[in-house]
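In listed order, ligands and their atoms are each counted from 1. Computed from heavy atoms alone, side chains included, the values below leave out hydrogens, waters and symmetry copies.
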Amino acid sequence: KTGEMSGCPIEKPTTVRSLLGRTNRDWWPDSLPLEVLNQGGTSPDPMGHEFDYAEAFKQLDYHALKADLKALLTDSQPWWPADYGNYGGLFIRMAWHAAGTYRTADGRGGSNSGQQRFAPLNSWPDNGNLDKARRLLWPIKQKYGKHISWADLFILAGNVAIESMGGPVFGFGGGRQDVFEPEKDIYWGSEEQFVGHPDNKTRILPEEQLELEQPLAAIQMGLIYVNPEGPGGVPDALQSARDMKETFKRMAMNSEETVALTAGGHTFGKAHGAGDPSLVDEAPEGADIALQGLGWASAHESGFGEHTITSGIEGSWVNTPTEWSENYFRLLLDYDYELVRSPAGAKQWQPINQKEEDMAPAAHDPNKRVPTMMTTADMALKVDPEFREISERFRRDHEAFKDAFARAWFKLTHRDMGPKIRYLGPEVPEEDLIWQDPVPAGTMPSDADVAAFKAKILDAGFTVGQLVKTAWASASTYRRTDHRGGANGARIRLEPQRGWTVNEPDELSAVLAKIEELRGNLSVADAIVLAGTAAVEKAAKDAGFDVEVPFTGGRGDATQEWTDVESFEVLEPVADGFRNYLKTKQTVKTEELLLDRASLLGLSVPELTVLVGGLRVLGANYKDAPEGVFTDRKGQLTNDFFVNLLNNDTFWKVVDTSGDEEFIGYDRAGQHERWRATRTDLIFGSNSQLRAVAEVYAERGHEEKFVRDFIAAWTKVMNADRFDLK
Ligand code: HEB
């Protein structure tokens, strides 16, 4: 099942996997299959299409909400009593785990849609007892209703907790709109058991170099990042540092940010491992119906309060777990530590000969003092030379630590919200931050400027395909997962994008130079989109359709200085099926990579189909390759791709030399080569659902529908990042 194919004569990569890996249905086969109702275009979202969260948020009494959150922190509930009489630590951990699933490779995960409410995240071992944190918030969520989303509430609760305990806060931006179903498009890995399960196959040994599959950013299934007890449960702090660096990097954090976040976070709250972890029952998604969505019911004594079992590690990091302090680095660096076991049996580190005053109050008995602890991951901040240097600097310079923590926390919790224009509320920081990919505001060009440029660029000697390709290259970097990329800013003319292989750098720079020369008052970003749009319009006219292709100007031009080259590198496509481009063969099928790109662009099945068919006949292939160009009038916007693909007189054979990526279409007699194609072309005839849509576009009477649908999908992509438009 895991790809061991001994005895199998056909040589195939053993790691072929689907784009999605294991899904919720694999994990929880018995959960109610509500997706049967999400058919025929019905949505599980009760708020409906018209709901405008930004508008609803604007009517929120933000300060009243913050006051209610603050009051909740110390309003301990008998069914889940607060440690030290303060839920602050729990809420910070909830916010961090909501944001911490973000990964740079595909922009997925993160806090921006409230996914922690749904499987698998609601049941990840690492999210243990965060169901209680969310349930504690329910009365407040209920009170403010549509004016605050769960997604925003998770993060705001974390902010209020930090602030109310005296910690530094950089700001808050609202605007995370809730979804009402689990993400269907996210790959969480191929492991068949969660971390901690005896059959979890991932055994990362300390001496092994970490081989973490892309795009994952956690070491094992069910963890947010690393195993607190050390790699594979081995308490080796140096190797833990190695894993922390890799996983935090994949969430866009450097070493300084990693140290600041971990130390700042563990300045608050405690870990829970009061007893035998085998007494803890099912996670929420598989739990008893009477528990009403809560999980991890524990049969250890009372099951809560001083008896709580979460990670299995027991104790607080510092002697003052409900106020911001300098104690984390002091205790970490001043004491020597010995390896001990918690009452739950977890490996953790305890200060040797700890002074009474450095011990912490017991979480539910202020008169009792207990030793503090460090996890193996915390010990990494002391043992790893690079981390150590940062830790010592932060200890000497507390202001630097405060600033670094506040900024890193803000980045952690806002990294997947896209440009600053999407942030809402009175606490949005003024300062621009480079990871927000800032783009200066543009101005709306005049109709005359638009018309003049269109005429000039169409007359500049480029093919329709060249202009279309350039606009596509600029706009199609957009990903709705973290709202990065897109045509705004014209970053296609900056490093690193202008050098990406998929963009054919030499040809691109020639087209861009001409666009720059002719653009007049237009921004470069507008001119790039307009050049492609004008070319599409011309292609439609040449095919006999007198249609207008909408263009909305107003984009700005970003600068190289405000472009974080390294952080843009992850946006480089390894494949772009729309341009029939494949950098290197992946373990995932090439057509799945096309699907992934379409998903990042937020396209529907018909939009995906019409775009591919249209782009092929316009001549937008990478290097102008012949594959999929099923027409003898390239450059005209016709439905020829579909008509010829579905022609019963053509049969297809794989071209032996290239494995299964390239095909030749022959006439039935097998004599004459008619067309060349890739997998991303042929999938539209082979997959039954895509074929059904392709048929619509190939049907007589739908020639104009094809043109109109193509233009609509094209416009959607060109404007995908126009958050300034409504
Ligand atoms: Fe943490 C808690 C681990 C990072 C914040 N943590 C915790 C715990 C553990 C951990 C194990 C316990 C849990 C229980 O309850 O039992 N972390 C960890 C690791 C890491 C981390 C491994 C990586 C390195 N954190 C972090 C961060 C943050 C945090 C970054 C933020 C910023 N945590 C936290 C808090 C807490 C914790 C606040 C407490 C909670 C309570 O109190 O409840």
Contacting atoms of ligand 1, where contact means under 4.0 angstrom from a heavy atom of T310: 14 (C), 15 (O), 16 (O)
Closest approach of any protein heavy atom to atom 35 (C) of ligand 1, naming residue and atom: G265 O, 3.8 Å
R484 to F568, cation-pi by 6.0 Å centre distance and 45° axis angle: yes
Atoms in ligand 1 with a heavy atom of A377 nearer than 4.0 Å: 22 (C), 24 (C)
Plane angle bin for H300 and H307 - parallel if under 30°, tilted between 30 and 60°, otherwise perpendicular: perpendicular
CA sep, side-chain torsions, deciding dist, call: F91, W96, ring-ring contact (aromatic ring centres under 6.0 Å, His included): CA-CA 9 Å; F91 285 175; W96 134 246; over 10 Å; no
Option among V259, I390, V318 that satisfies the side-chain contact (heavy atoms from CB on, under 4.5 Å) test with F329: V259
Candidate with minimal heavy-atom separation from atom 27 (C) of ligand 1, of F91, W96, F268, Y87: W96
Option nearest atom 6 (N) of ligand 1 (shortest heavy-atom distance, choices R93, K270, H266): H266
Contact (N/O only, under 3.5 Å) between S311 and ligand 1: yes
Those atoms of ligand 1 less than 4.0 Å from some heavy atom in A271: 12 (C), 14 (C), 15 (O), 16 (O)
Heavy-atom check, side chain of R176 versus side chain of W150, under 4.5 Å: no
Pair H414 + Y423: ring centers closer than 6.0 Å: yes
Euclidean distance, D152 CG relative to S111 OG, rounded to 0.5 Å: 8.0 Å
Ligand-residue contact atoms, ligand 1 with V226, heavy atoms, under 4.0 Å: 22 (C)
Short N or O distance, H272 and ligand 1, threshold 3.5 Å exclusive: yes
Atom 24 (C) of ligand 1 - nearest protein heavy atom and its distance: M244 CE, 3.3 Å
4.0 Å heavy-atom contact, W317 with ligand 1: yes
Qualifying residue for side-chain contact (heavy atoms from CB on, under 4.5 Å) with L381, from M244, H266, M374: M244
Nearest-contact summary for atom 40 (C) of ligand 1 - protein heavy atom, Å: G89 O, 3.4 Å
Among W324, F394, F410, the one residue meeting ring pair (Phe, Tyr, Trp, His ring centres under 6.0 Å) with F405: W324
Option of least heavy-atom distance to atom 32 (C) of ligand 1 (set: I92, L261, L90): L261
